[in-house]
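Working notes, structure below.
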Amino acid sequence: MSSEKLSVKQARLPECIGKTIKIEGWVRTRRDSKAGFSFLEINDGSCLSNLQIIADANLANYESQIKTLNTGASVAVEGLMKESGGKGQATELVAKSVVVYGEADPETYPLQKKRHSFEKLREWAHLRSRTNTFGAVARVRNCICNSIHQFFQEQEFLYVHTPIITASDCEGAGAMFQVTTLDLDKIAEKEIKYLDFKQDFFQRRAYLTVSGQLEGETYACALGKIYTFGPTFRAEKSNTTRHLAEFWMIEPEMAFYELEDNMDLAEAFIKRIAKDAITLCPEDMQLFNEHVEPGLIEALQKVVDSQFVRLPYTEAVEILTGCGQKFEYEVKWGSDLQSEHERYLTEQHFKSPVILYNYPRKIKPFYMYCNDDEKTVRGMDVLVPRVGEIIGGSQREHRLEVLEARMAEQGIPAEDYWWYSDLRRFGTVPHAGFGLGLERAVQFITGMTNIRDVIPFPRFPGNVEF
RNA sequence: GCCCUUGUAGCUCAGUCGGUAGAGCAACGGACUGUUAAUCCGUGUGUCCUAGGUUCGAGCCCUAGCGGGGGCGCCA
């Protein structure tokens, strides 16, 4: 009598044969047979594949509605699941009723039954989730997020929510968006030259966070192992395939961890994400493997099975200066490596993920632990082929006097970080952590080349539509 | 911010030497078919990004602007 409501994913399984079911979704394509019925392919996002519907001409609304269903129309179909009479699918649904929720006029509906370029689909960000590739990206992104939580939860990390609005304005992570409730129109009208932030909401300047690390450290230095997972904002006018103004970042922070432990964790973490995507999203990953990045799955499997190369910065410089490769930028000890250098190391020299560590202290932020050589700090970057830097982290400086000296060295006002220094003042412990850009991880796993295509609604300079 | 590249039909693109715009796909109509990016036949489609300029004449050449894409820097 009453039919069981199933997803397309469930209905495609042979064990559904014989059941009376209901599915709801969107028409991907319709093929008419003059023998007196139509094939409808329905997708509901539960998986990449569609469910084939047999809609017989004797259905009440066959001529009036079903025969004019087009790509994008929404329907509910009830009927009997049968073994498919055709090739390409195990099951099909023989409709007893087809209810049309909404039509999609083919003259005005932008999506067609054909391939669209990613560039074009960015103009229709509200509809691109209805395409095969963006559906697959969404499912794999979800899988990655789930893996991240599982990975940390299994190891007794606490999920901590660090603030999105912050007052720290020089964490060394770049330009920030200012948060204010001041009436900018009124200020412009009055031509006020100097703003009194005492009048602002927080009675001082406030910003959107560029990192939850400093706050994360306070919880790690009480609860042991924690991680954050939230939105992050950078106001740099970056115009590349791997930068966003708003992105999601995962930042684990661990008390009693040193650099080596940090590297071990980062390596296991990347491997876990890759392994889960391959095993839990085989159909979606196959799409990327065939249509987006040939050889992707094999390459990821190699990453899972490999041991990451761990290379001190100084040795990296030696390799780069001695390799005979011509670079646009000169490599010399003491300056930051350019992305062309990083890519050479991970893509050509080692052909494997590489963890670079022990960077010159002059080019790294004040909070990184200073080595005894007085020249380097215990920072690390994980580089992967195609994407470049996917993780940046360090062992933190936990010696108060060294930290204060570093702040002074870099011209950072220690008084603004009084609470951060307190962690070193009271019961200080060695600790370490890193940040992983979620979207870069999604790029790495899916092979999608533009970061704007792995987040539902990308924010970048000049773009906040949708 | 810098550099390169691109803008022509709903989509992807062609357009020669500067001479007044075309193909495939989609859509629509028909035929055919347990089909599956179905197939076959037929039909329609334009602010050639915008504004100037050169020219008898500009999709094409020049200038400026706007939009898209890519590279670099900043980083995750």
Side-chain angles (χ1 to χ4, degrees), chain A residues 28-42 49-56 68 70-72 82-89 92 94 104-124 132 171-176 210-213 231-251 266 291 327-329 336-343 363-365 381-384 387-393 434-444 449-455 460-463 465:
Chain A
R28 280 298 176 79
T29 176
R30 186 195 88 241
R31 295 179 291 273
D32 300 324
S33 168
K34 278 294 180 323
F37 61 95
S38 293
F39 298 99
L40 300 176
E41 288 213 30
I42 307 299
S49 301
N50 306 320
L51 182 67
Q52 177 159 289
I53 309 293
I54 310 298
D56 198 88
T68 57
N70 282 303
T71 304
K82 288 195 171 166
E83 186 180 348
S84 179
K87 288 170 196 158
Q89 61 279 317
E92 62 191 23
V94 180
D105 180 0
E107 296 288 342
T108 51
Y109 184 57
L111 297 180
Q112 299 174 4
K113 200 169 61 182
K114 59 170 279 190
R115 203 194 237 118
H116 290 285
S117 67
F118 294 149
E119 293 80 10
K120 191 41 95 177
L121 288 169
R122 270 173 226 148
E123 295 173 24
W124 307 320
N132 288 337
E171 291 165 15
M176 303 177 87
V210 292
S211 164
Q213 179 200 317
T232 310
F233 307 87
R234 302 277 165 92
E236 270 114 9
K237 291 203 171 161
S238 301
N239 233 305
T240 78
T241 54
R242 54 188 195 286
H243 288 86
L244 290 167
E246 177 183 291
F247 63 100
W248 289 69
M249 190 153 66
I250 296 93
E251 296 182 285
H291 300 297
F327 295 111
E328 195 183 330
Y329 291 87
D336 221 347
L337 297 182
Q338 305 295 316
S339 55
E340 59 173 339
H341 308 136
E342 296 178 344
R343 294 190 66 155
I363 59 170
K364 288 293 179 186
D381 285 346
V382 181
L383 315 175
V384 295
V387 177
E389 184 181 342
I390 197 169
I391 279 177
F434 60 81
L436 169 100
L438 174 66
E439 285 74 19
R440 289 196 184 167
V442 180
Q443 281 186 281
F444 177 59
T449 53
N450 196 317
I451 200 166
R452 295 168 188 179
D453 296 331
V454 297
I455 188 167
F460 51 97
N463 199 301
E465 186 84 33

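A, B, ... follow the sequence lines: proteins, then strands. Residue 1 opens every chain.
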Exercise for the section: Quote, to the nearest angstrom, the P distance that separates B/G67 from B/G29. Expected result: 40 Å
Exercise for the section: Check the pair A/Q52, A/R31 against side-chain hydrogen bond (donor to acceptor under 3.5 Å, both in side chains), reporting the backbone distance first and the verdict last. Expected result: CA-CA 10 Å; A/Q52 177 159 289; A/R31 295 179 291 273; 3.3 Å; yes
Exercise for the section: Determine the contact category for A/E328: base if any of its heavy atoms lies under 4.0 Å from a base atom, sugar-phosphate if only primed atoms, P, OP1 or OP2 are that close, otherwise nothing. Expected result: nothing
Problem - A/R452 side-chain N/O to B/G69 phosphate OP1/OP2 under 4.0 Å - result: yes
Handout entry: Check: A/K237 main-chain N/O paired with A/N239 side-chain donor or acceptor under 3.5 Å
Key = no
Problem - A/Y329, nearest nucleotide to its side chain (from B/G73, B/U36, B/A38) - result: B/G73
Fill in the blank from the handout: Of B/G34, B/U12, B/G69, the nucleotide closest to the side chain of A/S117 is B/U12
Problem - Distance between P atoms of B/U20 and B/G59 (Å, rounded) - result: 10 Å
Problem - From CA spacing to verdict: side-chain hydrogen bond (donor to acceptor under 3.5 Å, both in side chains), A/E251, A/S211 - result: CA-CA 8 Å; A/E251 296 182 285; A/S211 164; 2.9 Å; yes
Handout entry: No-H, no-angle donor-acceptor pair, A/Q112 side chain to B/G10 base, under 3.5 Å
Key = yes
Exercise for the section: Could you tell me which residues satisfy side chain to side chain contact (heavy atoms under 4.5 Å, CB included) with A/R242, sequence neighbours excluded, listed by chain and number? Expected result: A/T240, A/S339, A/R440, A/Q443
Completion exercise
Ranking B/G34, B/A76, B/G69 by distance to the side chain of A/F37, first place goes to B/G34
Handout entry: B/U16 versus B/C61 - spacing of their C1' atoms, nearest Å
Key = 16 Å
Practice task
Answer with base, sugar-phosphate or nothing: what part of the nucleic acid does A/G435 contact at a heavy-atom distance below 4.0 Å?
Solution key: sugar-phosphate
Problem - With A/E389, the side-chain contact (heavy atoms from CB on, under 4.5 Å) member among A/L337, A/V382, A/D381 - result: A/D381
Problem - Geometric cation-pi criterion A/R234 and A/F247, 6.0 Å radius, 45° cone - result: no
Completion exercise
Of B/U35, B/C28, B/G73, the nucleotide closest to the side chain of A/P106 is B/C28
Practice task
Taking only the side-chain heavy atoms of A/M249 (C-beta and beyond), determine which of B/A76, B/G71, B/U36 contains the nearest atom.
Solution key: B/A76
Exercise for the section: For the pair A/E340 (side chain) and A/E328 (backbone), establish whether a donor and an acceptor sit closer than 3.5 Å, ignoring hydrogens and angles. Expected result: yes
Practice task
Determine the interatomic distance between P on B/U8 and the same-named atom on B/G46; round to the nearest Å.
Solution key: 15 Å
Practice task
Check if the side chain of A/E41 and the base of B/U35 share a donor-acceptor pair of N or O atoms closer than 3.5 Å.
Solution key: no
Problem - Rounded distance in Å between the C1' positions of B/A26 and B/C13 - result: 14 Å
Review item, nucleotides 1-9 of chain B N/O atoms under 3.5 Å of protein N/O:
none

Fill in the blank from the handout: Dot-bracket assigned to RNA chain B with the 3.5 Å Watson-Crick/G-U criterion, [ ] for crossing and | for other-strand pairs, is (((((((..((((.....[..)))).(((((.......))))).....(((((..]....))))))))))))....
Exercise for the section: Consider the side chain of A/S339, meaning its heavy atoms from C-beta on, and name the nucleotide among B/G73, B/G69, B/C28 that approaches it most closely. Expected result: B/G73
Practice task
Using a strict cut-off of less than 4.0 Å between a Lys/Arg side-chain nitrogen and an Asp/Glu carboxylate oxygen, indicate whether A/K120 and A/E123 qualify as a salt bridge.
Solution key: yes
Problem - Most 5' of A/T71 and A/I451 on RNA chain B, judged by nearest nucleotide - result: A/T71
Problem - Interatomic distance at P, B/C40 relative to B/G53, whole Å - result: 50 Å
Practice task
Would you mind classifying the nucleic acid contact of A/T108 as base, sugar-phosphate or nothing, using non-hydrogen atoms under 4.0 angstrom?
Solution key: nothing
Problem - Same-atom distance (P) from B/C75 to B/U5, integer angstrom - result: 29 Å
Problem - pi-stack flag for A/F39 and B/G34, centroid dist under 5.5 Å, interplanar under 30° - result: no
Practice task
Kindly state whether the ring of A/H243 and the ring of A/F460 have centres lying under 6.0 angstrom apart.
Solution key: no
Practice task
Would you indicate which nucleotide in B/A27, B/C74, B/C72 comes nearest to any side-chain atom of A/E236?
Solution key: B/C74
Problem - Proximity to the side chain of A/E389 - top-ranked nucleotide from B/A38, B/A76, B/G68 - result: B/A76
Practice task
On RNA chain B, check which nucleotide each of A/R30 and A/I54 is closest to and give me the residue with the more 5' one.
Solution key: A/I54
Practice task
Name the nucleic acid region contacted by A/E92, choosing base, sugar-phosphate or nothing; use a 4.0 angstrom heavy-atom cut-off, strictly under.
Solution key: base
Practice task
Tell me yes or no: between the side chains of A/Q89 and A/S84, is some donor less than 3.5 Å from an acceptor?
Solution key: yes
Problem - Separation between the C1' atoms of B/C2 and B/G22, rounded to whole Å - result: 39 Å
Handout entry: Side-chain N or O of A/R122 closer than 4.0 Å to phosphate OP1/OP2 of B/G69
Key = yes
Problem - Pair A/D32, A/S38: side-chain N/O donor-acceptor within cut-off below 3.5 Å - result: yes
Handout entry: Under 3.5 Å side-chain donor-acceptor pair for A/K113 and A/T71
Key = no
Handout entry: Given B/C11, B/A76, B/C75, the nucleotide with the shortest approach to the side chain of A/L244
Key = B/A76
